[in-house]
S.K.: 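Have a look at this one.
Numbers for residues simply follow the sequence, beginning at 1. Please read all numbers here as calculations on a predicted model, not as lab measurements.
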Amino acid sequence: MIRNRVLATLVALGVVGALAFGFVGFAPNRLLSGRPVALWDAVSAPVLWVVAAAWLALAAASLAPPGRGRDRLALVVGLGLVLALLAGAGEAATRLAATAPSPSARTSLGAGFWLMLFAAALAAVDALQRLAAGMALRALAILLVGAGALALAASGQLSELSLAKEYANRREVFLAELLRHVALVAGAVLVAVAVGVPLGLAAQRRPRTGGIVFGALNLLQTIPSIALFGLLIGPLSWLAAAVPALQDLGVRGIGATPALVALVLYSLLPVARNTQAGLASVSPAVVEAARGMGLTPGQILLGVEVPIALPVLISGLRIVTVQAIGLAVVAALIGAGGLGTFVFQGLGQNAVDLVLLGALATILLALAADLGFQFLLGLTRRSA
């Protein structure tokens with residue numbers, strides 16, 4: 001009888017990925033679609049046995065009675081399977097490159113690889129949740145997988161993959177665009193905090209003002225990101241032409257300026273809403289006690305209300321940052337740069353691995369930001 005239906009479903013998904021789809025794709029060059037290569041044709045026998053044994057272990061864990069031992073097994077096997085799949089993909093790329101008739105041949109990651117990787121990663125996540133793992137164990141699991149992936153990359157095991165070749169061809173540009181992406185997001189979040197926190201405070205102190213503020217901010221959220229970027233081009237171009245000093249500061253109708261403005265506008269609602277909710281969660285009795293002690297309104301706000309509301313405020317910043325990291329990809333369409341540059345270049349060139357270079361980097365950046373805010377949130381709750 002199945003005891004863990006989630007894990008059993010993930011095992012079934014992994015088996016379907018292995019049997020029904022190609023583990024990697026092999027193409028004559030980066031622009032042509034590759035032919036799928038099955039797992040058993042792509043990797044050596046030892047790797048194949050390791051992957052098969054891992055799926056069997058996860059299947060056995062889904063049938064085992066509930067317990068920490070079962071969940072620990074699923075965690076270890078899931079994390080190990082992620083690294084085994086990466087190593088297998090690298091080995092497959094190396095073997096196929098050795099038999100390729102042209103040095104321009106490329107080996108890309110197939111649908112089977114992504115399905116198995118997705119299932120293995122979710123199996124580890126499910127185990128962490130069932131173990132009620134704290135931030136330390138979650139961070140350790142991520143660090144182990146990250147260190148293993150970096151070790152595979154440093155050893156050259158992954159160098160023949162098309163994704164790795166796209167990165168190698170654009171290493172300096174990639175780092176520059178990554179820093180540009182981070183700078184754009186950081187600038188937008190800082191400005192959103194500087195504007196959104198006072199708006200949230202005003203909304204909490206004056207409900208009528210809050211209705212107007214949140215009505216306007218909700219309206220902004222309904223505008224599609226591409227449309228908002230386009231709407232800002234005209235006014236900012238006119239402003240830069242009318243005030244040459246602003247043009248000297250870098251204000252343009254395209255580029256970083258409209259991207260920054262749009263990201264700030266999209267970030268205001270979560271910041272203001274969480275500020276209002278956090279301050280509203282402070283007990284009136286606590287505020288009255290502080291007032292009875294002779295504290296001024298400013299002292300009550302900074303010394304009493306803000307510390308109590310801090311976990312809610314950090315949750316808002318977490319939402320804003322992850323949202324801004326994703327939206328900043330679209331900003332590449334108006335010349336703002338960032339990781340979206342590779343996404344749209346890849347779409348224009350029909351180069352899937354170039355799209356993945358930007359998309360995967362964006363996902364990892366968002367996950368890193370989310371993990372950092374979770375850690376910070378845990379510290380604030382522990383000290384509260």
Side-chain angles (χ1 to χ4, degrees), residues 1-27 32-64 70-100 105-128 130 141 144-146 148-149 151-153 157-164 352-353 355-356 359-360 363:
M1 185 176 66
I2 297 175
R3 305 294 183 90
N4 186 338
R5 294 184 179 180
V6 173
L7 186 57
T9 302
L10 293 174
V11 170
L13 181 64
V15 172
V16 169
L19 298 179
F21 300 96
F23 183 66
V24 294
F26 186 66
L32 295 179
S33 299
R35 62 176 178 85
V37 181
L39 175 64
W40 47 88
D41 292 328
V43 301
S44 61
V47 174
L48 184 61
W49 281 113
V50 168
V51 172
W55 287 121
L56 288 174
L58 289 176
S62 70
L63 302 175
R70 180 198 69 178
D71 297 330
R72 287 169 181 163
L73 173 65
L75 174 61
V76 172
V77 173
L79 295 177
L81 183 54
V82 169
L83 293 177
L85 291 171
L86 285 173
E91 181 192 63
T94 302
R95 296 177 66 185
L96 290 171
T99 61
R106 295 295 185 96
T107 302
S108 59
L109 300 171
F113 170 86
W114 290 114
L115 279 175
M116 286 190 284
L117 186 73
F118 178 74
L122 283 186
V125 171
D126 177 67
L128 286 170
R130 293 178 184 275
L144 287 175
V145 173
L152 288 172
Q157 180 77 18
L158 309 178
S159 60
E160 290 298 331
L161 285 171
S162 179
L163 184 62
V352 177
D353 288 295
V355 175
L356 285 175
L360 290 177
I363 293 171

S.K.: At what distance, to the nearest 0.5 angstrom, does CG of L58 lie from CG of L81?
M.R.: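 That separation rounds to 6.5 Å.
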S.K.: Do D353 and S162 have a side chain donor and acceptor closer than 3.5 Å?
M.R.: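 The criterion, which ignores hydrogens and geometry beyond distance, is satisfied for S162 and D353.
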S.K.: Could you give me the CA-CA distance, side-chain angles and deciding distance for L39 and F113, then say whether side-chain contact (heavy atoms from CB on, under 4.5 Å) is met?
M.R.: CA-CA 8 Å; L39 175 64; F113 170 86; over 6 Å; no
S.K.: Is the backbone of G25 close enough, under 3.5 Å, to the side chain of R35 for a donor and an acceptor to pair up by distance?
M.R.: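 Side chain of R35 to backbone of G25: no pair is present.
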S.K.: Which heavy atom of L75 sits nearest a heavy atom of A124, and at what distance?
M.R.: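 Here L75 and A124 meet closest at CD1-O, 3.7 Å.
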S.K.: For the residue pair R3 and L63, what are the closest heavy atoms and their distance?
M.R.: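 Closest pair (atom of R3, atom of L63, distance): CG-O, 3.3 Å.
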S.K.: Step by step, work out the side-chain contact (heavy atoms from CB on, under 4.5 Å) result for L19 and W40.
M.R.: CA-CA 9 Å; L19 298 179; W40 47 88; 3.9 Å; yes
S.K.: Any chance you could measure T9, atom OG1, to I2, atom CD1, to the nearest 0.5 Å?
M.R.: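 Between atom OG1 of T9 and atom CD1 of I2 there are 7.5 Å.
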S.K.: In Å, rounded to the nearest 0.5 Å, how long is the span from CG of L13 to CG of L122?
M.R.: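 Here the rounded value is 8.5 Å.
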S.K.: Are the side chain of E160 and the backbone of A97 linked by a donor-acceptor contact shorter than 3.5 Å?
M.R.: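 No.
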S.K.: Which heavy atom of A141 sits nearest a heavy atom of L79, and at what distance?
M.R.: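 Scanning both residues, the minimum pair turns out to be CB-CD1, 3.8 Å.
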S.K.: Closest approach of V16 and F21, non-hydrogen atoms and distance?
M.R.: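 Scanning both residues completely, I find the closest heavy atoms to be O-CD1, 3.8 Å.
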S.K.: Does any non-hydrogen side-chain atom of T107 lie less than 4.5 Å from one of T94?
M.R.: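 Side-chain contact under 4.5 Å: no.
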S.K.: Apply salt bridge (charged side-chain N to carboxylate O under 4.0 Å, His left out) to D126 and list each qualifying residue two or more places apart in sequence or on a separate chain.
M.R.: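 R130.
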S.K.: Please find the pair of heavy atoms, one from V50 and one from A84, that lie closest to each other, and give the distance.
M.R.: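 Heavy atoms of V50 and A84 come nearest at CG1-CB, 4.2 Å.
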S.K.: Say whether S44 and E91, considering side chains only, have a donor N or O and an acceptor N or O under 3.5 Å apart.
M.R.: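 The answer is yes; a qualifying pair exists.
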S.K.: Find the distance between CG (L109) and CG (L86) and round it off to the nearest 0.5 Å.
M.R.: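 Between atom CG of L109 and atom CG of L86 there are 8.0 Å.
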S.K.: Using 0.5 Å steps for rounding, measure from the CZ atom of F23 to the CG atom of L48.
M.R.: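 Reported value, rounded in 0.5 Å steps: 10.0 Å.
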S.K.: So, taking the atom named CZ in F118 and the one named CG in L10, what distance separates them when rounded to the nearest 0.5 Å?
M.R.: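 Rounded to the nearest 0.5 Å, the CZ-CG separation comes to 7.5 Å.
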S.K.: Search all heavy atoms of L7 against all heavy atoms of A61 and return the closest pair with its distance.
M.R.: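 Here L7 and A61 meet closest at CD2-CB, 3.7 Å.
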S.K.: Under the criterion side-chain contact (heavy atoms from CB on, under 4.5 Å), I'd like the reasoning laid out for V77 against W55: C-alpha separation, chi angles, the key distance, then a yes or no.
M.R.: CA-CA 8 Å; V77 173; W55 287 121; over 6 Å; no
